[in-house]
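What follows is a short report on a single structure.
Atoms within a ligand are numbered from 1 in the order they appear, just like the ligands themselves.
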Amino acid sequence: MTDARTRDDVISAPAVPRVPVRGGGGFPVRRIYCVGRNFADHAREMGATAPASKAERGTPVFFMKPADAIVTGEVVPYPSATSDLHHEVELVVAIGGDAPAGVLPVEQAQALVFGYTVGMDLTRRDLQAAAKAKGLPWDTAKGFDHSAPIGELVPAAEAGALGARQLELRVNDQLRQHARLSDLIWDVPEILHELSKLYALRAGDLVFMGTPAGVAALQPGDRYEATLEGIATLRGTIQDDPAAAAALG
Ligand code: MN
């Protein structure tokens, strides 16, 4: 799991997390940005007010997960410190180049996109609710180990236009979440433009684009299947053996 120790490093360098790419190769992950409240129906189910028009949408909500939160295998250990693990199915965008200095114009954003896939922004909803109630940060609710299961990346040229493709999540074969990407409050170029006001976007960055309504609890033993219509599918199970989960953890 660790690279060889080199030069003056006092420990072995941690391995760089990688997402497999359709057609071969890996995508090394630098950072994971996430968008909150990017579908009106989900904003409402979380008790927030959804904007009535583009002019009223304000600025997006962003948070981050560590790069090594990604899970590329088919088993997710049920996390510690929660009894309300929630699924959030999301479009994931992979950044393939470094943004120029300054704010990235919306019309130049698409050129930075390497590809797309589907992922889940797993959430300790009980910890998030407690943090929100006290006005505290969301980090322990969102940025925990194994909190970002992710499918195979599909290069943008191969994926084609996102348009109004369907995003879906089934748990134990029951449809839990579904939405059309045309219903995103902020589309991909708009989100990259907004992120560039706050951070220097670099090759290796992933952006989880926000979830539609229908978020709910996952239990140990549950099987999930997330799909981004015509592009990618993500399947796996929530680990139901606590001892095995601890070993993975
Ligand atoms: Mn989310």
Side-chain angles (χ1 to χ4, degrees), residues 19 29 31-51 57-71 76 79 82 84-95 116-132 136-151 153 162 165-171 175-188 190-192 194-195 198-199 205-218 222 224-228 232 234 236 238:
V19 184
V29 180
R31 290 183 183 173
I32 304 175
Y33 298 107
C34 300
V35 187
R37 299 176 196 159
N38 204 13
F39 283 96
D41 57 357
H42 174 63
R44 283 189 289 266
E45 78 177 345
M46 298 307 292
T49 313
R57 63 190 173 170
T59 52
V61 176
F62 292 116
F63 57 91
M64 294 174 77
K65 291 176 186 271
D68 67 356
I70 62 164
V71 176
V76 172
T82 185
D84 198 19
L85 175 69
H86 270 208
H87 54 72
E88 297 193 355
V89 67
E90 309 200 358
L91 164 67
V92 183
V93 181
I95 304 301
Y116 305 105
T117 190
V118 62
M120 284 202 292
D121 163 19
L122 295 178
T123 302
R124 287 164 164 152
R125 192 70 72 199
D126 40 4
L127 296 197
Q128 188 194 32
K132 280 183 175 178
L136 293 171
W138 296 4
D139 299 53
T140 60
K142 290 290 197 178
F144 53 93
D145 296 340
H146 313 292
S147 61
I150 186 168
L153 272 178
L162 294 177
R165 287 173 200 259
Q166 185 90 358
L167 182 66
E168 288 185 358
L169 176 70
R170 286 179 169 73
V171 178
L175 186 62
R176 291 272 187 97
Q177 293 187 265
H178 62 97
R180 296 214 169 267
L181 294 183
S182 47
D183 289 332
L184 282 165
I185 295 171
W186 305 82
D187 67 17
V188 172
E190 289 170 336
I191 283 296
L192 300 186
E194 293 294 328
L195 269 172
L198 299 162
Y199 307 100
D205 292 343
L206 296 175
V207 184
F208 279 63
M209 285 289 296
T211 200
V215 300
L218 288 164
D222 280 350
Y224 56 83
E225 180 179 287
T227 56
L228 174 57
L234 167 68
I238 304 299

Check your understanding: Do any N or O atoms from the side chain of Lys65 and from the backbone of Ser147 form a donor-acceptor pair under 3.5 angstrom?
Key -> yes
Review point. Got a sec, which residues hit side chain to side chain contact (heavy atoms under 4.5 Å, CB included) with Ala67, two or more places apart in sequence or on another chain?
Key: Pro17, Val29
Practice item. Please list, chain by chain and in numerical order, all residues satisfying ring-ring contact (aromatic ring centres under 6.0 Å, His included) with Tyr224, sequence neighbours excluded. Key: none
Cut-off 3.5 Å, no hydrogens considered: what does the side-chain donor-acceptor table look like for residues 32-42, sequence neighbours left out?
from: Tyr33; atom 1: OH; to: Arg31; atom 2: NH1; distance (Å): 3.0
from: Asn38; atom 1: OD1; to: Ile185; atom 2: N; distance (Å): 3.3
from: Asn38; atom 1: OD1; to: Trp186; atom 2: N; distance (Å): 2.7
from: Asn38; atom 1: ND2; to: Trp186; atom 2: O; distance (Å): 3.0
from: Asn38; atom 1: ND2; to: Met209; atom 2: O; distance (Å): 3.0
from: Asp41; atom 1: OD1; to: Ala213; atom 2: N; distance (Å): 3.2
from: His42; atom 1: ND1; to: Glu45; atom 2: OE2; distance (Å): 2.7

Point to revise | Whether Glu225 side chain and Arg170 backbone form a donor-acceptor pair below 3.5 Å | key: no
Point to revise | Donor-acceptor contact present, side-chain Thr211 to main-chain Val89, <3.5 Å | key: yes
Review point. Which protein N, O or S atoms sit under 2.8 Å from the Mn ion (ligand 1)?
Key: Glu88 OE1, Glu90 OE2, Asp121 OD2
